[in-house]
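Everything below concerns the one structure shown next.
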Amino acid sequence: MVLLSTLGYVGAAVLSVGWLCRKMFSRKFGTHDVNDDEDVQGKVVLITGANSGLGKEATFEMAKRGAKVIMASRNLELTQSVVEQVLKMHPSSELTAMKLDLGSLESVREFAKEVQSKFDKIDILINNAGVYAPLRKQMKTAEGYEFNFGVNHVGHFLLTNLLLDLVKAAAPSRIVVVASRLSDKAKLSFDDLMLEKENPETSKIDPYSNSKFANLLFAKELSKRLEGTDVNVYALCPGWVKTDLARYADLTWKQYIIMIPVGFVFMRTPKQGVQTILHCALSRKVRQETGQFYRDCAHWAPKSAVTDEAAQKLWNVSESLSKLK
Ligand SMILES: NC(=O)c1ccc[n+]([C@@H]2O[C@H](COP(=O)([O-])OP(=O)(O)OC[C@H]3O[C@@H](n4cnc5c(N)ncnc54)[C@H](OP(=O)(O)O)[C@@H]3O)[C@@H](O)[C@H]2O)c1
């Protein structure tokens, strides 16, 4: 009995300390200032990966503001259920659910054609969809590319280029690239972008980090190429957010035991995680900025070498990988 009540007190104390730490830490997350929002009523916002996590949260936020949202993702059934949830809260929302598999260049081309046939402009393009798959799983896209690099970078590279005329038609318009601070851990080698020379069982390279670094390089080069068009480009890290991103990671119970208390303190809810996406997509304050990086609704300086040279080199390689040219 004494042991049980002691355990109860210790448990309650640990939870309270954890909760206090979470409260303190969450002040750092940053909140998007809604008073600084550009009006998006009637504007077209395309969100990739709109049926889950951050994309779903962004869809709710854009629908709430009266934007017409194109919701792109692979699983249309799940997307349809999100459409119903949004309509319940915001009955006059205009939502178009469309199938897009960023892991297939053919699907990206079909999707872009469908968007072009239904819309004459895109005011905000949010490249949000993403996968996290460990190298040991050896997952590949339809073209045989390393899965993280293929979906997170090559698919979005092609998509953005195919939709660029629609985004330019809406200028002043924005392209928002959801990257990650894990890009700091990237070890991207132009000689082995698909990590075929690595041993999948023992490699220390994280293919997800590489793909997120590629997102930063892409945003940098895109912003240069769009100079003078009034289409501005933003790349961001949303922080560590509680979503389904780790679905392919097959975490062990030991990893869960470590992650649960750490996540309790440091992990953001999707509502907290979406703030920097909203900051980049809507804030008037950053309207004139382009080619910059953000985290916690403020500027962010990635540690990885996001150089002009690497950005241009990746762009050239991506043109042929995506069969754009
Ligand atoms: N969660 C975090 O801690 C965190 C941290 C830093 C950055 N991020 C970034 O945030 C973005 C959103 O991720 P999330 O955390 O919200 O994860 P999530 O809940 O797993 O959402 C990922 C979305 O991407 C879509 N998707 C996956 N593969 C796709 C494909 N081949 N084609 C089209 N859509 C695809 C998924 O829908 P379908 O499966 O239906 O296609 C889903 O809607 C990602 O770019 C991720 O890298 C997340």
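Computed from heavy atoms alone, side chains included, the values below leave out hydrogens, waters and symmetry copies. Each residue takes its place number in the sequence, starting with 1. Whatever order the structure lists them in is the order used to number ligands and atoms, beginning at 1.
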Atom indices of ligand 1 within 4.0 angstrom of V178 heavy atoms, with elements: 9 (C), 10 (O), 11 (C), 45 (O)
Only heavy atoms of A179, strictly under 4.0 Å: list the atoms of ligand 1 that pass. 6 (C), 7 (C)
Any chance the rings of Y294 and H299 have centres within less than 6.0 Å? yes
Interfacing atoms of ligand 1 (cut-off 4.0 Å, heavy-atom, G130): 22 (C), 24 (O), 27 (C), 44 (C), 45 (O)
Do you know which of V274, V82, L78 makes side-chain contact (heavy atoms from CB on, under 4.5 Å) with K56? V82
Counting only heavy atoms, which portion of R181 has something under 4.0 Å from ligand 1: side chain, backbone, both, or neither? neither
N128 versus G49, closest heavy-atom pair with distance: ND2-O, 3.2 Å
Which protein heavy atom lies closest to atom 40 (O) of ligand 1, and at what distance to 0.1 Å? N51 ND2, 2.7 Å
With the threshold set at under 4.0 angstrom, would you say L78 reaches ligand 1 through any of its heavy atoms? no
Does the pair D123 and V45 meet the rule for a side chain to side chain contact (heavy atoms under 4.5 Å, CB included), with working shown? CA-CA 6 Å; D123 295 277; V45 180; 5.6 Å; no
What part of V131 sits under 4.0 Å from ligand 1 if we count only heavy atoms: the side chain, the backbone, both or neither? side chain
For A129, take its heavy atoms, then give the atoms of ligand 1 lying under 4.0 Å from any of them. 24 (O), 25 (C), 26 (N), 34 (N), 35 (C), 45 (O)
Considering only heavy atoms of L100, which atoms of ligand 1 have at least one such atom less than 4.0 Å away? 32 (N), 33 (C)
Would you kindly say whether Q255 and T252 are connected by a side-chain donor-acceptor distance under 3.5 Å? yes
Among T160, T48, N215, find the residue that satisfies the side chain to side chain donor-acceptor pair (under 3.5 Å) test when tested with N127. T160
Closest to atom 47 (O) of ligand 1 among protein heavy atoms sits Y208 OH, 2.5 Å
Under 4.0 Å from ligand 1, counting heavy atoms only, is it the side chain of N152, its backbone, both or neither? neither
Nearest protein heavy atom to atom 32 (N) of ligand 1, by residue and atom, and its distance? L102 N, 2.8 Å
G53 neighbourhood, listing ligand 1 atoms whose heavy-atom distance to it stays under 4.0 Å: 16 (O), 19 (O)
Do G49 and ligand 1 have an N or O pair less than 3.5 Å apart? yes
Is it the case that D101 and S107 place a side-chain donor and acceptor less than 3.5 Å from each other? no
What is the closest protein heavy atom to atom 14 (P) of ligand 1, and at what distance does it sit? T243 OG1, 3.4 Å
Could you tell me which atoms of ligand 1, counted from 1 in the order shown, lie closer than 4.0 angstrom to a heavy atom of G103? 31 (N)
Quick test: of every protein heavy atom, which one is nearest to atom 45 (O) of ligand 1, and how far off is it to 0.1 Å? N128 O, 2.7 Å
May I ask you to say whether R174 pairs ionically with E38, meaning some side-chain N is under 4.0 Å from a carboxylate O? yes
Does ligand 1 have a heavy atom under 4.0 Å from the side chain of Y132, from its backbone, from both, or from neither? neither
Any atoms of ligand 1 less than 4.0 Å from a non-hydrogen atom of D101? List them with their elements. 30 (C), 31 (N), 32 (N)
For atom 16 (O) of ligand 1, state which one of L54, V241, L236, L182 supplies the nearest heavy atom. L54
Counting only heavy atoms, which portion of D244 has something under 4.0 Å from ligand 1: side chain, backbone, both, or neither? both
Could you go through residues 175-188 and list every donor-acceptor pair under 3.5 Å that involves a side-chain atom there, pairing it with any protein atom two or more places apart or in another chain?
residue: S180; atom: OG; partner: L182; partner atom: N; Å: 3.0
residue: S183; atom: OG; partner: S180; partner atom: O; Å: 2.7
residue: D184; atom: OD1; partner: K303; partner atom: N; Å: 2.8

Cluster overlap L166 with F111, hydrophobic side-chain contacts below 4.5 Å: yes
Any side-chain donor near an acceptor of the partner, E61 and H32, under 3.5 Å: no
What's the shortest distance from atom 4 (C) of ligand 1 to any protein heavy atom, and which residue and atom give it? G239 O, 3.7 Å
Counting only heavy atoms closer than 4.0 Å, does ligand 1 sit against the backbone of P238, its side chain, both, or neither? side chain
Return the option from R74, M267, H156 holding the heavy atom at the smallest distance from atom 27 (C) of ligand 1. R74
Relative to the ring of W315, is the ring of F218 parallel (under 30°), tilted (30 to 60°) or perpendicular (over 60°)? parallel
Can you tell me if P270 has a non-hydrogen atom under 4.0 Å from ligand 1? no
Does any N/O atom on W240 come nearer than 3.5 Å to any N/O atom on ligand 1? no
Suppose we measure from atom 21 (O) of ligand 1 to each protein heavy atom; which comes out shortest, and what is that distance? S52 OG, 3.6 Å
Can you report which non-hydrogen protein atom sits closest to atom 20 (O) of ligand 1, along with the distance? R247 NH2, 2.8 Å
Going only through I, L, V, M, F, W and Y residues with side-chain contacts under 4.5 Å, is there a path from Y208 to M194? no
When you compare the side chain of S304 with that of L216, does any pair of heavy atoms fall below 4.5 Å? yes
Single-linkage hydrophobic cluster, 4.5 Å side-chain cutoff, L236 and Y132 together: no
What residues form a side chain to side chain contact (heavy atoms under 4.5 Å, CB included) with D250, not counting sequence neighbours? K137
Within the structure, does C237 bring an N/O atom to less than 3.5 angstrom of an N/O atom in ligand 1? no
So, N161 versus S322: side-chain donor-acceptor pair below 3.5 Å or not? no
Determine, considering heavy atoms only, which of I47, I277, L245 sits nearest to atom 13 (O) of ligand 1. L245
